[in-house]
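Written below as structure tokens is the structure these notes are about.
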Amino acid sequence: MPELPDVENFRRFFDRTVLGRKIKDVNVSQTRLLKGLSPNQLKKTLGGKKFIRTERIGKYLLASLGKDEWLAFHFGMTGSFSFESKVDGQKNDYERVGFYFQDGSHLGYLNKRMLGQIFLAGPPDEFRSKKELGPDALELDYSLFRELLGRKSGSIKSMLMDQRVISGIGNVYSDEILFQSGLHPNHRVEDLDEKQKRKLYAKMRSVLEIAIKKQADPGSLPENWLLRHRKKNQGCPGCAGKVHKISVGGRSGYYCEKCQK
DNA sequence: TCATTTGTTTCATG
DNA sequence: ACATGAAACAAATG
């Protein structure tokens, strides 16, 4: 499920595969994913241009076409990219939008469940304010983090997942961050003391950074992470307790009743 | 058939 | 008015 670490890896993948290649054609097989413009408008806008550089804001990937034109990608829960240096044979069944380059290479935007979005956007700063996104989870420093927490109330898990407060964290990684911080998902933000806030911030950083390094591949993540045991009644990797499941903000959260208070 | 999965949006409640 | 919480929505799976 593409959260910050996944999207950061998509960004790096995009950088090393398609940057600088001239776009020849765009094939949209699922108009639904295109927001605010038609397939023809997209083709017209991109044709003959190149993606110059990328930026990531939270779970969004922005690719610059030069000037103030950017193409924005959101991956929903099943989105990803594929790339082939030359088009041969059949394409992936779940390719919803295909970008074809002059040199014969091809980038596929895949999305099994079609909950993603592709649309044109302005520069990153404008984009951020339009979408009302909070600072990226890896961009903010501790003093800002503390300030943001100070303005909030309610369950800590909901707050971590609120993209208007901090952008980039979703259901899975919020569980992991809370597990490593020893905090119960329903722990109230207003009840956190200074020490807990510091730990939470440190764990937020380290969990996301390590996950990025491991290509956000669950199988490559440390065995002692909750993520590897994120299932009801599994044994907790930190103690003899069991993993519990609860609903927080409409999402299924997993936690260890013993380790997390 | 329907509960479950996700992030985001929308509506209701406090 | 505001913020928090709950429900709805998209699509597909088992």
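Predicted, not measured: the structure shown is a model, and the values here were computed from it. First the proteins, then the strands, lettered A, B, ... as listed; each starts at 1.
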Which part of the nucleic acid, if any, lies within contact of A/Ser153, taking any heavy atom under 4.0 Å across all strands shown: a base, the sugar-phosphate backbone alone, or nothing?
sugar-phosphate

Sugar-phosphate only, base, or nothing, as touched by A/Gly250 at under 4.0 Å among non-hydrogen atoms
nothing

Compare the minimum distances between each of C/dG5, B/dT5, B/dT8 and the side chain of A/Ser252, then state the nucleotide with the smallest one.
B/dT5

What does A/Arg164 touch in the nucleic acid at a heavy-atom separation under 4.0 angstrom: a base, only the sugar-phosphate, or nothing?
nothing

If you look at every strand shown and take non-hydrogen atoms under 4.0 Å, does A/Gly154 touch a base, only sugar-phosphate, or nothing?
sugar-phosphate

Rounded to the nearest angstrom, tell me the gap between atom NZ in A/Lys112 and atom P in C/dG14.
7 Å

Under 4.0 Å between a side-chain N/O of A/His74 and OP1 or OP2 of B/dT8, yes or no?
yes

May I have the distance from A/Arg96 (atom CZ) to C/dA10 (atom P), rounded to whole angstrom?
16 Å

Would you mind telling me which of C/dT4, B/dT9, C/dA12 lies closest to the side-chain atoms of A/Arg113?
C/dA12

Between A/Phe73 and A/Phe81, is the ring centre distance below 6.0 Å?
yes

Using a strict threshold of under 4.0 Å (side-chain N to carboxylate O), is an ion pair present between A/Glu69 and A/Lys67?
no

Starting at atom CG of A/Asp162, determine the distance to atom C1' of C/dA3, rounded to an integer number of angstrom.
10 Å

To the nearest Å, give me how far apart NZ (A/Lys35) and C1' (B/dG7) are.
12 Å

Nearest whole Å is fine: how far is C/dA3 P from A/Lys152 NZ?
6 Å

Of A/Leu133 and A/Tyr254, the one whose nearest nucleotide on DNA chain B sits closer to the 5' end is A/Tyr254

A/Thr54 and A/Arg11: side-chain donor and acceptor closer than 3.5 Å?
yes

Using 4.0 Å as the upper bound for N to carboxylate O, is an ion pair formed by A/Glu84 and A/Lys86?
no

Starting at atom CG of A/Leu4, determine the distance to atom P of B/dT6, rounded to an integer number of angstrom.
17 Å

Name the residue closer to the 5' end of DNA chain C, choosing between A/Val248 and A/Tyr94 according to the nucleotide with the nearest heavy atom.
A/Val248

In terms of side-chain heavy atoms of A/Gln163, which of B/dG7, B/dT8, C/dT4 is nearest?
B/dT8

Under a 3.5 Å cutoff, is there a donor and acceptor pairing between the side chains of A/Ser105 and A/Asp103?
yes

Please map the stems of DNA chain B, keeping only stretches of three or more Watson-Crick or G-U wobble pairs with both distances under 3.5 angstrom.
B:2-14 with C:2-14

Whole angstroms only, please: what is the CZ-P distance between A/Arg251 and C/dA7?
12 Å

Scan side-chain atoms only and decide if A/His244 and A/Gln234 contain a donor-acceptor pair under the 3.5 Å cut-off.
no

Contacts of A/His187 that satisfy ring pair (Phe, Tyr, Trp, His ring centres under 6.0 Å) - sequence neighbours left out
none

Closest nucleotide among B/dT6, C/dT4, B/dT8 to the A/Tyr60 side chain
B/dT8

Atom-pair distance (CG on A/Asn171; C1' on B/dT5), nearest Å
9 Å

Selection from B/dG7, B/dT9, B/dT5 that lies nearest to any side-chain heavy atom of A/Lys131:
B/dT9

Report yes if some heavy atom in the side chain of A/Lys242 is under 4.5 Å from a heavy atom in the side chain of A/Glu257; otherwise report no.
no

